[in-house]
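For reference, the structure is listed below as structure tokens.
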Number of protein chains: 2
Amino acid sequence: MIFDSTDKKLLAYLQQDSKQTNKELSNKLELSVTAVYERIKKLEKAGFIDGYIAIVNKEKIDRNFVVFCHIKLVKHSQDFVISFEKEVNKISEVLECYHVSGEYDYLLKVIVKDMAAFRTFMVERLTTINHIGSTQSMFVINEVKHDTAITL
Amino acid sequence: MIFDSTDKKLLAYLQQDSKQTNKELSNKLELSVTAVYERIKKLEKAGFIDGYIAIVNKEKIDRNFVVFCHIKLVKHSQDFVISFEKEVNKISEVLECYHVSGEYDYLLKVIVKDMAAFRTFMVERLTTINHIGSTQSMFVINEVKHDTAITL
DNA sequence: GTTGAAATCTTAACTCT
DNA sequence: AGAGTTAAGATTTCAAC
């Protein structure tokens with residue numbers, strides 16, 4: 001499939017604001033509405049676009065306490081890894097989980113209401129998972145940057 | 001403002017797929033199309049929704065190498081902090097930057113093409129920022145979980 | 001919150017490079 | 001093959017109830 005500079009610009013615009021109409025995009029890209037429409041359909045079908053979502057304001061919904069948790073497993077056998085990853089997927093407070101290189105095995109992004117909710121999360125949800133060796137939490141003091149768009 | 005369980009469900013749906021029509025949402029919520037429309041407008045105006053975006057597939061656009069970087073500043077005076085945060089905001093490879101508690105001062109999420117691109121990023125972009133004391137990189141081996149929707 | 005109707009947008013067949 | 005024109009159908013938006 002062809003993926004030219006117009007497609008790149010289009011993806012950049014859609015990453016910024018997916019509610020723009022094809023008419024608005026056609027002006028910005030200097031194309032007809034149909035050309036924009038077909039390029040978007042092409043990008044969707046080719047798998048360039050995974051979906052369209054609304055970004056909700058964390059403060060407004062009382063989920064403004066963000067913590068990154070490092071996790072070390074007691075052992076690294078395949079069954080331990082699979083079991084841990086399955087369990088972590090069930091925890092709604094864990095928005096992201098990465099298997100990473102370095103001293104710790106996993107890096108988790110946890111979003112809760114406040115410190116009290118984090119305590120509950122740690123005691124009742126996270127540390128009840130088997131195979132966890134140790135954890136280390138980093139509290140987010142300030143979100144300096146949070147882009148949702150990847151520069152193309 | 002009132003924020004009831006229907007609004008919660010609505011936000012949950014929009015976080016999952018913002019391209020659903022008001023008609024589809026009206027069926028799921030058992031409301032009229034206009035009621036859905038007005039609730040969405042209300043949520044937008046009240047600041048519950050920060051925006052609507054397209055999620056781009058990282059593999060497809062050749063940006064599938066994700067690294068978390070810990071950063072320690074040489075000093076923590078306000079001018080050093082402000083200067084660092086300003087510089088980091090300019091770097092497009094840094095999608096996220098958090099001021100965190102713990103041993104390191106900052107946690108960065110970096111997205112590049114591959115290890116070679118990461119090397120270039122480190123040498124030419126990141127470590128040219130003043131005031132950086134030390135860095136420690138964690139390479140993402142596997143993305144175990146990456147939810148974009150916060151459970152309400 | 002609902003109904004209904006106008007404005008706007010999406011979508012697809014057709015046409016022209 | 002890719003882009004433009006047109007027109008039908010769907011959706012958004014906004015009255016009035």
Side-chain angles (χ1 to χ4, degrees), chain A residues 1-63 147-152, chain B residues 1-64 113 147-152:
Chain A
M1 199 206 72
I2 328 115
F3 181 59
D4 62 15
S5 68
T6 306
D7 290 320
K8 277 193 187 180
K9 281 181 205 157
L10 181 51
L11 273 190
Y13 285 131
L14 291 173
Q15 281 191 101
Q16 224 64 53
D17 176 13
S18 64
K19 272 284 157 77
Q20 296 172 89
T21 64
N22 290 349
K23 196 175 182 178
E24 289 173 303
L25 291 167
S26 74
N27 287 331
K28 291 178 182 170
L29 296 169
E30 294 183 311
L31 282 172
S32 72
V33 173
T34 304
V36 171
Y37 167 75
E38 305 217 307
R39 275 176 187 270
I40 294 174
K41 281 281 159 285
K42 179 191 73 181
L43 290 169
E44 285 172 355
K45 275 177 190 142
F48 281 79
I49 297 171
D50 284 338
Y52 300 92
I53 63 159
I55 303 292
V56 311
N57 187 291
K58 290 200 294 290
E59 280 185 55
K60 279 285 178 182
I61 59 165
D62 248 13
R63 229 50 76 76
D147 280 6
T148 49
I150 303 170
T151 305
L152 291 162
Chain B
M1 199 203 74
I2 327 117
F3 181 61
D4 62 15
S5 68
T6 306
D7 290 320
K8 277 193 187 179
K9 281 181 205 158
L10 182 50
L11 273 190
Y13 286 131
L14 291 173
Q15 281 191 100
Q16 224 64 53
D17 176 13
S18 64
K19 272 284 157 77
Q20 296 171 88
T21 64
N22 291 346
K23 196 175 182 179
E24 289 173 301
L25 292 167
S26 75
N27 287 331
K28 291 178 183 170
L29 296 169
E30 295 182 310
L31 281 173
S32 70
V33 173
T34 304
V36 170
Y37 168 75
E38 302 205 317
R39 275 176 187 270
I40 293 174
K41 281 282 162 285
K42 179 191 73 181
L43 290 168
E44 286 172 354
K45 275 177 191 144
F48 281 79
I49 298 172
D50 284 337
Y52 300 92
I53 63 158
I55 303 292
V56 170
N57 187 292
K58 291 200 293 289
E59 279 185 55
K60 279 284 176 182
I61 58 165
D62 248 14
R63 229 51 75 74
N64 208 21
K113 182 175 186 274
D147 281 6
T148 49
I150 302 170
T151 306
L152 291 162

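Letters go in sequence order (proteins before strands), and every chain restarts at 1.
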Between the CG atom in B:L31 and the OG1 atom in B:T6, the distance rounded to the nearest 0.5 Å is 6.0 Å

- Message: Do A:Q16 and B:Y52 pair up side chain to side chain, a donor and an acceptor below 3.5 Å, judged on atom types alone?
- Response: no

Compare side-chain N and O positions of B:N22 against OP1 and OP2 of D:dT12 and report whether any pair is under 4.0 Å apart. yes

- [ ] Considering just the side-chain nitrogens and oxygens of A:R39, establish if one lies under 4.0 Å of OP1 or OP2 belonging to D:dA3.
- [x] yes

To the nearest angstrom, the CG-P distance between A:L31 and C:dT17 comes to 18 Å

Atom CD1 of A:I40 and atom C1' of D:dG2 are separated, to the nearest Å, by 16 Å

Closest non-hydrogen atoms of A:A54 and B:I49, given as atom of the first, atom of the second and distance, are CB-CG2, 4.4 Å

All heavy atoms of B:V33 vs all of B:K23, minimum pair found to be CG2-CA, 3.9 Å

Out of D:dG4, C:dT11, D:dT11, minimum distance to the side chain of B:T21 belongs to D:dT11

From CG of B:L25 across to P of D:dA10 the rounded distance in Å is 18 Å

Using a cut-off of strictly less than 4.0 Å, decide whether B:K23 has a side-chain nitrogen or oxygen near OP1 or OP2 of D:dA10.
no

Between OH of A:Y37 and C1' of C:dC9 the distance, given in whole Å, is 12 Å

Separation of D:dA10 atom C1' from B:K19 atom NZ, nearest Å, is 15 Å

Whole-Å distance, A:K42 NZ to D:dA1 C1', equals 11 Å

Picking from D:dA3, D:dG4, D:dG2, the nucleotide nearest the side-chain atoms of A:I2 would be D:dG2

Of D:dG4, C:dG4, D:dT11, the nucleotide closest to the side chain of B:T34 is C:dG4

Of A:E38 and B:S32, the one whose nearest nucleotide on DNA chain C sits closer to the 5' end is B:S32

